[in-house]
Amino acid sequence: MADEKKLTSRSEDFSSWYNEVVLRAELADYSPVRGSMVIRPWGYGIWENMQRTLDEMFKETGHENAYFPLLIPMSFIEREKAHVEGFAPELAVVTQAGGKELEEPFAIRPTSETIIYSMYAKWVQSYRDLPILMNQWANVMRWELRTRLFLRTSEFLWQEGHTAHATPEEAEEETLLILGIYRRFMEEWIGMPPVTGLKSESEKFAGAVRSYSCEALMQDNKALQAGTSHFLGQNFARQFDLKFQSEAGAEEYAWNTSWGVSTRLVGGMVMTHGDDAGLVVPPRLAPVQAVIVPITRGDDTAAAVLEKSHQFAARLKDQGVRVKVDARENLSPGAKFYEWERKGVPFRVEIGPKDMEKGQVALARRIVPEGAGRKEFVAEDQAVSEMPSRLESFQTELREAAWKRREENSHRGVKTLDEMVEIIENGGGMVYTGWNGDPAVEEMVKERTKATIRCIPTEEFRSGSAPDRCVSGEGASTMEVAWARAY
RNA sequence: CGGGGCGUGGCGCAGUCCGGUAGCGCACCUGCUUUGGGAGCAGGGGGUCCCCGGUUCGAAUCCGGGCGCCCCGACCA
């Protein structure tokens, strides 16, 4: 960095910018253990707000929380063939405990399908015991070769929902219900509108029949898989003997779904809204929505300004605003301004002696709309009463900007591989083409462009007129797919 | 696992080529003056120079070995 105080700009080096934002906005820090991170209060506060909202959404749709253990017998993981093949390379395994070699090693959960369905098997006898709709908030571990703060850490926090149903139709409906919840959460809370769709065979979850995902486009035009919802069929039920007696009296295997989002969402938020001054946190997720910086002088007005600041904070709080007074004495106001900007607080309120005389406050918005001034002087009462609506319009503005950016970087009607290469190598983005469904084409395109099929888009995301030829030039298109380089 | 970079007060770095008193900026502590966009002055505290071994009168610096972290790639719900 030329200037130690400034961040590397996004255009200079997006990857460095991202790391610097995460570290210097105090979202997280590297831990002593390779590939794992410490989530600091500012980052965890954002995660807690995500959790709270999602948790409510799950409960509103009939799900209950439970908790299953961290350690899973190795034999469980090995039971479902595709599952073990998918996860074996990245398992961390406990082989010793209590000073002794264990008879059977335990895997530290990379995901909990196996242990959860083994328990469901115990709890389910009749169709009357179904559906089971459970979720757990947990940590999981996947020993990735290469890690990145929030985007891919060896240990991460997530929620994993696991359900069991009597019919495939009901399970499929559940899978899509959750996909919709994820999408709504990403749009309305993170302001990160994803494209939803089905994963190709090669990209689907290890053990699933079908995987659906939310794919969000970041500012560097790479896609981030932000959430997945899987229809597991009876794959796990068969392996774990999860059976029930149907209304007609027959013994049948249950139909399962699993779905999850993780702390990766925090990384997605950073890469969706951050700018060269640092983080921008959407108001609905911000631990502090408005920070009050008292401007004091070394005279007898200082006490009054501080008192006014706290009063003002209390009034905002009454309006349901999450607010903080930054009364630190060792920092100048300017230093505080930069710090809160770096952390992405939506609004800053300055209160000084001059404002007190005029009964006003200075209001600074973290992102300033086109043509607007940096600071706005607003009458105190008005600032209080308007703050909730100002926060909401800030939220809306972020979402709309992200939506616009996604659309501007979505390339539809791309017919040839050459055309696709041209786009991917010059700025990138989401490229929509026809596909004949052949995995070899998928592999070939990946080889050539480093882009992968992010998803086979849900109907509403498909292009107006369906492509008729496969991007490979060979054969008719059987479906439209969205390609992008991905995290 | 391949390529690159880096390990020196809390953080960022210089010093290493050419061996000889461990330094700078920020942060921290005390005091005074300040405070509307990264405060100033004065005083002060803090370091096994990643580890092990070797060469040398003497090693942050030279030699050998090891470890760790970050970035790029391969891999990856």
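Convention: sequence-line order gives letters A, B, ...; per-chain numbering from 1.
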Can you label the angle between the His230(A) ring and the Phe205(A) ring as parallel, tilted or perpendicular, going by 30° and 60°?
parallel
When the [atom1] atoms of [M] and [N] are compared, how many Å lie between them, rounded to an integer?
N      : M      : atom1 : result
G7(B)  : G40(B) : C1'   : 35 Å
C29(B) : G45(B) : C1'   : 7 Å
C62(B) : G20(B) : C1'   : 14 Å
C41(B) : U48(B) : C1'   : 35 Å

Enumerate the protein-to-nucleotides 27-29 of chain B contacts in which both atoms are nitrogen or oxygen and the separation is below 3.5 Å.
from, atom 1, to, atom 2, distance (Å)
C28(B), OP1, Asn330(A), ND2, 3.4

Between C1' on G73(B) and NZ on Lys446(A), what's the gap in Å once rounded to a whole number?
13 Å
Could you pick out which residue, Ile295(A) or Ser211(A), lies toward the 5' side of RNA chain B when each is mapped onto its nearest nucleotide?
Ile295(A)
Between Arg366(A) and Glu341(A), does any side-chain N to carboxylate O distance fall below 4.0 Å?
no
When both distances are under 3.5 Å in a Watson-Crick or G-U wobble arrangement, the nucleotide paired with C1(B) is G73(B)
Between the base of A77(B) and the side chain of Ser262(A), is there a donor and acceptor pair under 3.5 angstrom?
yes
With hydrogens left out and only the distance checked, is there a donor-acceptor pair under 3.5 Å joining Glu339(A)'s side chain and the base of G38(B)?
no
